[in-house]
Amino acid sequence: MKLIKSVRNENKSLKIEPDYSELAEDIFNFYSINKNVFDKTENKQKWIVEYSQPNTHKAFHIGHFRNVVTGDFIVRIARKFGIDVVPANYIGDIGTHVLKALLGWELAGKPKPPSIEEDPDLDLSRWLGEYYSQWAQRESASKEKFIKEAWDVKDLINENSNFEIDEKFKKFRKNKFLISKILKKSNDGFFESENFKSLNESAINWKKNLDLQNEIAERWKNKDSELVKDWKETKKWCMDAFEKIYRLLDVDFEKIYYESDVEEDAIRISNKLVNKNLAEKEGGSVLVDFKKEPYNSKKLDVLPLLRSDGLPLYSAKDLALAKLKQNQYKTDKSFYVVGAPQSFYFKQIFKILEQYEELSELIHIGYEMVDLPEGKMSSRSGNIVAFSELWQEAKKFAKSKSNQKISNKDLDKVITGALKHLMFSRDFNKKISFKWEEVLSNEGKTGSYLQYAAVRCKRVIEKSGIQPDLKFEKIKMNENEKAVIFNIFTIQNELKRSFENISPTPLLESLHRLSKAFSNFYHSSPIINEDPKTEMFRVNLTYCTLKTLEEALKIFGISIPSRM
RNA sequence: GCGCCUGUAGCUCAACUGGCAGAGCGUCGGGCUUCGAACCCGAAGGUUGCAGGUUCGAAUCCUGCCGGGCGUGCCA
């Protein structure tokens, strides 16, 4: 097969002229035997990809959405290359945030959520997340008030002691330092005086909130039957809400892990690490000091595993989960799709795991955050865009732009295409600053553009009334036809790049180039044509474009509607 | 302080092992009696944060600065 027709020197650079007949024939043949555009390579590897990891009792927001589509992309592209992939989810169903949500919900009188009949678009994770947010705001407001006042009287507390704080210190560290000073002083009645009256009140107020939290934590520890019952019920609400979203997005998990499942193992493993001198006790807590043997890594600093009250932290649970996953699936590679800010944490975790287990290769896929224009999202402050809200707004918009005859199923495909495309439109290590204008846009480099090109392919083929036979007959091609052929041809290489770099960008960009080339061809060269030979060739070419777009978009979890 | 990420057109982003800096949006000008105008064509728009170095050749590699973001022991 010779794909290069000529090479010539033009303007100081090499001009390579491909043999487009050869290329076209190749591409036609490829589709005629009903294969994909892409070689399905043999691969005996087995991977596990952990992603999504939503917390129950909190709203599922656009940050979680970016995570889901990222993980789903890795799963799909790996499968394209013949890898056996286990998509796994890890649900944060316990922890302080859950207790905070339950507390907020209790204080509101344990309201029941509205029924589906009352509100068909109801997102229970968002509904319950409101109670989390209410409580968290109340608690943090009381804390902030206390800290602010503590700073106001800092110099009075200071007296003669050295209160020099490195100005480079992060604020929360300064705060901790200050609070510890205050606690020390408060023991000897130092704060009884008039100067500290207001501070005292704030402290009492804050303490009251902490007591409420401690109380519910105590009930949790003692497995208070009422609380456990409420927990199970509210957890189910959230899981149902997540399931609904996964169905909408067409993502499937082979395995769902729960944090509550690994809690006991986490404690056991932490103690085992202490016995092996891989971790140490400090009071009631257990921590790993990487500065010491056998790690000898000053940079990795310290990682706590158990809290001083003996409860396991996320770190200990991740250690337990890693072992569980390996026992169950014996994979070659294990991916963690978790936000980029956790990359330091995963370095620590992987370092520990290397020390005591024969595990698969561990890979952290970090993706950057989705921020709002006014700053970082925070479910604590309620400053978020919930996924359900995003979906509903996108739906309204898509409906207003669509053909009247569009089915609900097609409408969902258009929305999914638009939203997923937005998440893939930047590489993983780039932040997305969320803007409604960008969601509510269907022009230019959007998911709609790609879908539109494909829908148009479908329609023209239909209209022509011709069955593509994918037999290549030599024909003189115009520049626009050549461009389409070239772009279909190069997509295989872009797919490979996307896979090797685990990055959506190369493939997505190439799909835009193909769609652009097709639109150009479409406008310049009538497909339905009086010359039968030309018509057949163009219909075949259109068919190959459609198939290429269809197969490639599947990797992004985007499908083609029949009309839009 | 230390670590990670980041800086490319007015804005949002591309650029595979170093090889002619490209798209979309926005702006300006054109194109629907013809296969779906969610489209297409054309134009304007660049000292790739700064300064050095390596190289025939640097957005890309090295060094040093500057700006932005995040992380840095009991939240996940």
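Since we're looking at a predicted model, the values are computed, not measured. A, B, ... follow the sequence lines: proteins, then strands. Residue 1 opens every chain.
Across B:A58 and B:G18, the matching C1' atoms stand 6 Å from one another, rounded to whole Å. Taking the C1' atoms as reference points, B:C13 lies 14 Å from B:A21, given to the whole Å. B:C28 and B:C56 have their P atoms separated by 48 Å, given to the nearest Å. Distance noted for atom P between B:U63 and B:G68: 23 Å (whole Å). When the C1' atom is used for both B:A76 and B:G67, the distance is 31 Å, rounded to whole Å. Distance check on atom P: B:U54 versus B:U60 gives 15 Å, rounded to whole Å.
Here the nucleotide nearest the side chain of A:S308, chosen from B:A38, B:C74, B:A37, is B:C74. In the set B:A15, B:G31, B:A38, the nucleotide with an atom closest to the side chain of A:T505 is B:A15. Listed nucleotides: B:C74, B:C35, B:C41. Nearest to the side chain of A:N520: B:C41. Closest to the A:V460 side chain, of the nucleotides B:A76, B:C70, B:G36, is B:G36. In this structure, of B:G24, B:C40, B:C70, it is B:C40 that holds the atom nearest to the side chain of A:S519.
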Produce the list of close N/O pairs, under 3.5 Å, pairing protein atoms with atoms of nucleotides 2-7 of chain B; give distances to one decimal.
from: B:U6; atom 1: OP1; to: A:N429; atom 2: ND2; distance (Å): 2.6

Please write out the pairs of protein N or O atoms and N or O atoms of nucleotides 10-12 of chain B separated by less than 3.5 Å, giving the distance to one decimal.
from: B:U12; atom 1: O2'; to: A:R426; atom 2: NH2; distance (Å): 2.7

Please produce a list of atom pairs where a protein N or O lies less than 3.5 Å from an N or O of nucleotides 16-18 of chain B.
from: B:C16; atom 1: O4'; to: A:R497; atom 2: NE; distance (Å): 3.1
from: B:C16; atom 1: O4'; to: A:R497; atom 2: NH2; distance (Å): 3.1

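Across every non-hydrogen atom of A:I555 and A:K80, the tightest pair is CD1-CD, 4.0 Å.
In this structure A:F428 satisfies the ring-ring contact (aromatic ring centres under 6.0 Å, His included) test with no other residue, sequence neighbours excluded. Every residue two or more places apart in sequence or in another chain that forms a side-chain contact (heavy atoms from CB on, under 4.5 Å) with A:S260 is listed here: A:D93, A:I94, A:W231, A:K235, A:Y258. Not counting sequence neighbours, A:F397 has no partner by the ring-ring contact (aromatic ring centres under 6.0 Å, His included) test. Residues that satisfy the ring-ring contact (aromatic ring centres under 6.0 Å, His included) test with A:H64, not counting sequence neighbours, are A:F60, A:H61. Shown here are the ring-ring contact (aromatic ring centres under 6.0 Å, His included) partners of A:Y90, two or more places apart in sequence or in another chain: there are none. Scanning for salt bridge (charged side-chain N to carboxylate O under 4.0 Å, His left out) contacts around A:E282 gives an empty result, with sequence neighbours left out.
Side chains of A:R497 and A:S510: no donor on one and acceptor on the other come within 3.5 Å.
Base-pair partner of B:G36: not found among the strands shown (Watson-Crick or G-U wobble, both distances under 3.5 Å). Nucleotide B:G19 forms a pair with B:C56, judged by Watson-Crick or G-U wobble geometry with both contacts under 3.5 Å. A 3.5 Å limit on both hydrogen-bonding distances identifies no Watson-Crick or G-U partner for B:A9. In this entry B:C2 has B:G71 as its Watson-Crick or G-U wobble partner, both defining distances falling under 3.5 Å.
Applying the salt bridge (Lys or Arg N to Asp or Glu O under 4.0 Å) rule to pairs touching residues 513-526 of chain A yields A:E494-A:R513, sequence neighbours excluded. Each salt bridge (Lys or Arg N to Asp or Glu O under 4.0 Å) pair with one or both residues in residues 525-536 of chain A, not counting sequence neighbours, would appear here, but there are none.
Taking the six-membered ring where the residue is Trp, the centroids of A:Y314 and A:Y345 are separated by under 6.0 Å.
Put simply, the side chain of A:Y295 reaches to within 4.5 Å of the side chain of A:I352, judged on heavy atoms.
Classified by interplanar angle (parallel below 30°, tilted 30° to 60°, perpendicular above 60°), the ring pair A:H97/A:H57 is perpendicular. Ring-plane geometry between A:Y449 and A:H512 is classed as parallel, the angle between the planes falling under 30 degrees on a 0 to 90 degree scale with a further cut at 60.
For B:A38, one of the phosphate oxygens OP1 or OP2 lies less than 4.0 angstrom from a side-chain nitrogen or oxygen of A:Y452. A close approach under 4.0 Å does not occur between any side-chain nitrogen or oxygen of A:Y449 and OP1 or OP2 of B:A23.
Near RNA chain B, meaning a heavy atom under 4.0 Å from it, residues 398-408 of chain A has A:K401, A:S402 in order of number.
Using a 4.0 Å heavy-atom cutoff across all strands shown, A:E282 reaches at least one base atom of the nucleic acid.
Here B:A38 presents its C1' atom at 5 Å from CG of A:N442, a figure rounded to the nearest Å.
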